[in-house]
Enquirer: 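The structure that follows is given in the form of structure tokens.
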Amino acid sequence: MFRPPGSPPVPPSPRTPRSCWTAARAAQRRAGRLCDGWIASSKATPAAIRDAIAVVRDSAEQAGRDPAALRFVCRAPVRLRPRPAPDQPLFTGTADKIRADLAGLADTGLTEIFVDPNFAPGIGSPDAPADEAARRRGGEAARRRGGEASRPAAP
């Protein structure tokens, strides 16, 4: 929610979920005791995400809370590239590589993955022509379905 600078904070309603992002173990334990979920860093490895979720769940259980009721979210800032390249970070590369990265998160305990194309210059940039961004996204979807579409231009 946007707040103009200098305006007083708006207290959350009793029904607003409270999630916490943190890499520190003590804060992850605190998230398990007090929060409704935990948000993983998009730069974390699947092993680090799995370990952190275990800490949050264990802390929730020790506090008498139901760990199954917690949400575990990771933002995936995708950067679609036309060709593979060595040492591409998570969620960067060809559509097949990005799908493999997402599949690699399957056994981490995440309950949600937020796929965010906003960092792909040809899709999420405010300077990207809307028709070109739609063609790029639609072309990839059509290829996955086996349909015809032109190849996306390099970002």
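Just so you know, residue 1 is the first one in the sequence shown, and it goes up from there.
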Enquirer: Please report the closest heavy-atom contact between A40 and L110, naming both atoms and the distance.
Expert: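 In terms of heavy atoms, the two residues are closest at CB-CD2, 4.5 Å.
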
Enquirer: How far apart are the closest heavy atoms of S42 and F91, and which atoms are they?
Expert: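 That would be O-CE1, 3.6 Å.
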
Enquirer: Among the clusters formed by ILVMFWY side chains lying less than 4.5 Å apart, do I39 and V55 turn up in the same one?
Expert: no

Enquirer: Apply side-chain contact (heavy atoms from CB on, under 4.5 Å) to K43 and L90, showing your working.
Expert: CA-CA 7 Å; K43 295 180 181 181; L90 278 175; over 6 Å; no

Enquirer: Could you tell me whether the side chain of T92 reaches within less than 4.5 Å of the side chain of R81, counting heavy atoms only?
Expert: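 The answer is yes, as the side chains (C-beta and beyond) meet within the 4.5 Å cut-off.
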
Enquirer: Shortest non-hydrogen contact from R33 to S59?
Expert: CG-OG, 3.3 Å

Enquirer: For T108 and L105, which heavy atoms make the closest approach, and how far apart are they?
Expert: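 So the two residues come closest at OG1-O, 2.7 Å.
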
Enquirer: State, to 0.1 Å, how close D101 and P89 come at their nearest heavy-atom pair, and which atoms those are.
Expert: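 That would be OD2-O, 4.1 Å.
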
Enquirer: Please evaluate residues D51 and R25 with respect to the criterion side-chain contact (heavy atoms from CB on, under 4.5 Å), reporting the C-alpha separation (whole Å), side-chain torsions for both, the decisive distance (0.1 Å), and the verdict.
Expert: CA-CA 10 Å; D51 292 347; R25 287 290 185 234; 3.5 Å; yes

Enquirer: Would you indicate whether the side-chain heavy atoms of R65 and D36 approach each other to under 4.5 Å?
Expert: yes

Enquirer: In Å and rounded to the nearest 0.5 Å, what is the OG to CZ distance from S41 to R75?
Expert: 9.0 Å

Enquirer: Closer than 3.5 angstrom, by distance alone: can the side chain of R71 be matched with the main-chain N or O of G37 as a donor-acceptor pair?
Expert: no

Enquirer: Could you tell me whether the side chain of R79 and the main chain of P77 form a donor-acceptor pair under 3.5 Å?
Expert: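 Present.
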
Enquirer: Can you tell me how far the CD atom of E61 sits from the CG atom of D66, to the nearest 0.5 Å?
Expert: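 Here the interatomic distance stands at 8.5 Å.
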
Enquirer: For W38 and A52, which heavy atoms make the closest approach, and how far apart are they?
Expert: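 What the structure gives for the nearest pair is CH2-CB, 3.4 Å.
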
Enquirer: Nearest 0.5 Å please: distance from the CZ atom of R29 over to the CG atom of L34.
Expert: 12.5 Å

Enquirer: Do you reckon V115 sits in the same ILVMFWY cluster as L80, going by side-chain contacts under 4.5 Å, direct or chained?
Expert: yes

